[in-house]
Asks: 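Can you read through this structure? Questions will come right after.
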Amino acid sequence: QLLTEEIGPGFLTDLYRLEALRPRVSDEICDSFHGLKQLKKAQLSAEIIHSEGVLIDPEMLFDVQVKRLHEYKRQLMNALSILAIYRQLKAGELPDFTPTAFIFGAKAAPGYDRAKAIIHLINMIADKVNTDPDMDGVLKVIFVQNYNCSYAEKIIPAADGGEQISPAGTEASGTGNMKLMLNGAVTLGTFDGANIEIVEQAGRENNYIFGARVEELAEIMPKYDPRVILFSNDKIKRVLNMLIDGSLSDGGVPSNEEGSFKELYKALTDGASWHVPDHYDFLGDLESYVQAKLKVNADYKDKLAFAKKCWLNIANAGKFSSDRTIKDYAENIWKIEPVKL
């Protein structure tokens, strides 16, 4: 409705018409957009309290990662970054932190035990953070149950930032990032998949890119040893130790036995029979990732400037249309001539 009021309804069948939004960016329109985003966040908050029993203040920054649960999509790295931020907040090292809700939605394949362990870990982090009185009004973590299209319809329009954090060179394209962009969320991500085109279209200054690129990973990974990072970086070491020191409940597994969290720890430090240690470069990218998250967090304090970034993402989303894709195939690959009626 807001977009239609500004440029008419034509963008519904020709998404490139969103480009007309670019010159219309102003403090007034950014204020309207921010108010609308707050409405969508309030609606999502109502759904989450109803479905999950967790109360989230809509005034918080909503950081969202919703997608299939897979190691290469690096939900585990997101979880580790939250633990890093949590530790910094507890130590009083982030005095100007913008209150943030980290929202996850995902499903694991039935036989994918490690993915299920990551879901369990995120829920245990949520339990720890959400029950800590020091984090009240500061930090929330939510893993929504039964993430599906109906939930996505509420989460995606409410997102301030969408996480697209796969290692460069692993995501064929991704479509969640496009949906989030179209609904006015900035992209926090690596130079991978459609993130590359999102940055090309909307500008790097309106998104948040971190981590090693494909050509850098080609040099890094053959000689990569995550244990070097682990034992030389005290902050990362302390975060990773939370997987094995009893800080988080591992389903009642005694501390002297190996549970799913210890298996995650070993996957990062020792590897497994089918992969080298940390084969998706979690620890290599973790520090730059946390810094990118904190940059989003700091920038969100200026609501109008942040809304402008979101608005310009919408205005530059025209390329990400299935209509455009099919038209390109028809003209350039199938060589189909339009039918004249």
Side-chain angles (χ1 to χ4, degrees), residues 63 65 67-85 88 112 114-115 117-118 121 161-178 181 186-244 263-296:
D63 177 301
Q65 188 179 20
K67 54 181 73 259
R68 179 167 55 92
L69 202 305
H70 196 285
E71 287 168 274
Y72 91 84
K73 293 181 183 288
R74 299 208 285 194
Q75 287 96 340
L76 176 56
M77 188 172 74
N78 192 349
L80 295 175
S81 77
I82 294 169
L83 286 176
I85 290 169
Q88 287 181 272
Y112 195 172
R114 194 175 285 169
I118 293 168
L121 173 65
E163 300 233 9
Q164 317 294 331
I165 59 176
S166 51
T170 58
E171 184 68 82
S173 174
T175 55
N177 45 9
M178 303 174 196
M181 177 193 195
V186 300
T187 293
L188 168 62
T190 51
F191 215 61
D192 187 42
N195 293 352
I196 298 169
E197 293 171 293
I198 286 173
V199 170
E200 287 173 353
Q201 296 298 308
R204 185 160 185 162
E205 69 278 9
N206 295 314
N207 293 285
Y208 298 82
I209 301 299
F210 72 92
R213 297 195 177 200
V214 170
E215 59 274 16
E216 294 169 328
L217 284 172
E219 292 185 14
I220 292 168
M221 293 312 288
K223 52 190 177 184
Y224 176 58
D225 184 352
R227 288 162 292 202
V228 173
I229 297 173
L230 183 64
F231 294 115
S232 63
N233 188 313
D234 195 51
K235 286 185 177 179
I236 291 178
K237 183 179 180 180
R238 288 180 179 179
V239 166
L240 216 59
N241 280 347
M242 291 183 74
L243 299 181
I244 57 174
E263 200 281 329
L264 291 175
Y265 181 92
K266 287 178 66 176
L268 295 175
T269 56
D270 300 331
S273 60
W274 69 95
H275 69 76
V276 297
D278 192 15
H279 58 317
Y280 290 120
D281 194 35
F282 292 95
L283 303 189
D285 271 353
L286 184 58
E287 203 152 37
S288 66
Y289 173 45
V290 171
Q291 290 308 309
K293 272 192 162 172
L294 293 177
K295 178 74 168 93
V296 177

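All of these numbers come straight from a predicted model, not from anything done at the bench.
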Asks: Just to verify, what does His70 make a ring-ring contact (aromatic ring centres under 6.0 Å, His included) with, not counting sequence neighbours?
Replies: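 In terms of ring-ring contact (aromatic ring centres under 6.0 Å, His included), with neighbours along the sequence ignored, His70 is linked to Tyr72, Tyr112.
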Asks: Could you give the distance from CE (Met242) to CG (Leu80), rounded to the nearest 0.5 Å?
Replies: 10.0 Å
Asks: In chain order, what residues pass the side-chain hydrogen bond (donor to acceptor under 3.5 Å, both in side chains) check against Tyr224, with sequence neighbours excluded?
Replies: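 In terms of side-chain hydrogen bond (donor to acceptor under 3.5 Å, both in side chains), with neighbours along the sequence ignored, Tyr224 is linked to Asp278.
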Asks: In Å and rounded to the nearest 0.5 Å, what is the OG1 to CG distance from Thr269 to Leu264?
Replies: 10.5 Å
Asks: Could you tell me whether the side chain of Tyr208 reaches within less than 4.5 Å of the side chain of Thr187, counting heavy atoms only?
Replies: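 Thr187 vs Tyr208: side chains apart.
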Asks: Hey, does Asp281 have a side-chain heavy atom less than 4.5 Å from the side chain of Thr170?
Replies: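 Of all side-chain heavy-atom pairs linking Asp281 with Thr170, none is under 4.5 Å.
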Asks: Residues in salt bridge (Lys or Arg N to Asp or Glu O under 4.0 Å) with Lys295, at least two apart?
Replies: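 Salt bridge (Lys or Arg N to Asp or Glu O under 4.0 Å) list for Lys295, sorted by chain: Asp299.
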Asks: Report yes if some heavy atom in the side chain of Lys235 is under 4.5 Å from a heavy atom in the side chain of Val239; otherwise report no.
Replies: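 No, their side chains stay 4.5 Å or more apart.
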Asks: Under the salt bridge (Lys or Arg N to Asp or Glu O under 4.0 Å) rule, collect the residues that match up with Arg227, sequence neighbours excluded.
Replies: Asp225, Asp270
Asks: Tyr280 vs Phe282 aromatic rings, parallel, tilted or perpendicular, using cut-offs 30° and 60°?
Replies: perpendicular
Asks: For Ala218, enumerate each residue passing the side-chain contact (heavy atoms from CB on, under 4.5 Å) test, keeping only those at least two apart in sequence or located in another chain.
Replies: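 With sequence neighbours excluded, Ala218 shows a side-chain contact (heavy atoms from CB on, under 4.5 Å) to no residue whatsoever.
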Asks: Can you confirm whether Glu205 is buried at CD, in the sense that more than 12 heavy atoms of other residues, nucleotides or ligands lie under 6.0 Å from that atom?
Replies: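 Above 12, so yes.
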Asks: Which residues satisfy the side-chain contact (heavy atoms from CB on, under 4.5 Å) test with Ala202, sequence neighbours excluded?
Replies: Met181, Asn207, Asn313, Asn316
Asks: I'd like to check the side-chain contact (heavy atoms from CB on, under 4.5 Å) partners of Ala194; sequence neighbours left out, ordered by chain and number.
Replies: Ser173, Asn177, Met178, Glu197
Asks: Can you name the side-chain hydrogen bond (donor to acceptor under 3.5 Å, both in side chains) partners of Ser166, sequence neighbours left out?
Replies: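 Ser166: side-chain hydrogen bond (donor to acceptor under 3.5 Å, both in side chains) contacts with Asp192.
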Asks: Working to the nearest 0.5 Å, report the span between CD of Gln164 and CD of Gln65.
Replies: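 Gln164 CD to Gln65 CD: 7.5 Å, rounded to 0.5 Å.
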Asks: Would you give the length of the straight line joining atom NZ of Lys67 to atom CD1 of Ile165, rounded to the nearest 0.5 angstrom?
Replies: 8.5 Å
Asks: Does any part of the side chain of Val199, heavy atoms only, come nearer than 4.5 Å to the side chain of Ile209, both counted from C-beta?
Replies: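 The answer is yes; the side chains approach within 4.5 Å.
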Asks: Minimum heavy-atom separation for Gly189 to Asn195, with atom names?
Replies: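 Gly189 and Asn195 have their closest heavy atoms at CA-ND2, 3.9 Å.
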Asks: Which residues pass the side-chain contact (heavy atoms from CB on, under 4.5 Å) test with Arg213, sequence neighbours left out?
Replies: Phe191, Arg204, Glu215, Glu216
Asks: Any side-chain heavy-atom pair from His279 and Glu71 closer than 4.5 angstrom?
Replies: yes
Asks: Test side-chain contact (heavy atoms from CB on, under 4.5 Å) on Thr190 and Glu171; report intermediate values, then the result.
Replies: CA-CA 10 Å; Thr190 51; Glu171 184 68 82; over 6 Å; no
Asks: How far does CD1 of Ile244 sit from NZ of Lys266, to the nearest 0.5 angstrom?
Replies: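 Atom-to-atom, Ile244:CD1 and Lys266:NZ are 11.0 Å apart.
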Asks: Can you list, pair by pair, the side-chain donor-acceptor contacts under 3.5 Å of residues 286-294, counting residues two or more places apart and other chains?
Replies:
{"residue": "Glu287", "atom": "OE1", "partner": "Asn233", "partner atom": "ND2", "Å": "3.2"}
{"residue": "Glu287", "atom": "OE2", "partner": "Asn233", "partner atom": "ND2", "Å": "3.3"}
{"residue": "Ser288", "atom": "OG", "partner": "Asp285", "partner atom": "O", "Å": "3.1"}
{"residue": "Tyr289", "atom": "OH", "partner": "Asn78", "partner atom": "OD1", "Å": "3.3"}
{"residue": "Tyr289", "atom": "OH", "partner": "Glu163", "partner atom": "OE1", "Å": "2.4"}
{"residue": "Tyr289", "atom": "OH", "partner": "Glu163", "partner atom": "OE2", "Å": "3.4"}
{"residue": "Tyr289", "atom": "OH", "partner": "Lys293", "partner atom": "NZ", "Å": "3.1"}
{"residue": "Lys293", "atom": "NZ", "partner": "Asn78", "partner atom": "OD1", "Å": "2.5"}
{"residue": "Lys293", "atom": "NZ", "partner": "Ser81", "partner atom": "OG", "Å": "2.7"}
{"residue": "Lys293", "atom": "NZ", "partner": "Glu163", "partner atom": "OE2", "Å": "3.3"}

Asks: Are Tyr265 and Leu230 packed together at the side-chain level, in the sense that at least one heavy-atom pair is separated by less than 4.5 angstrom?
Replies: yes
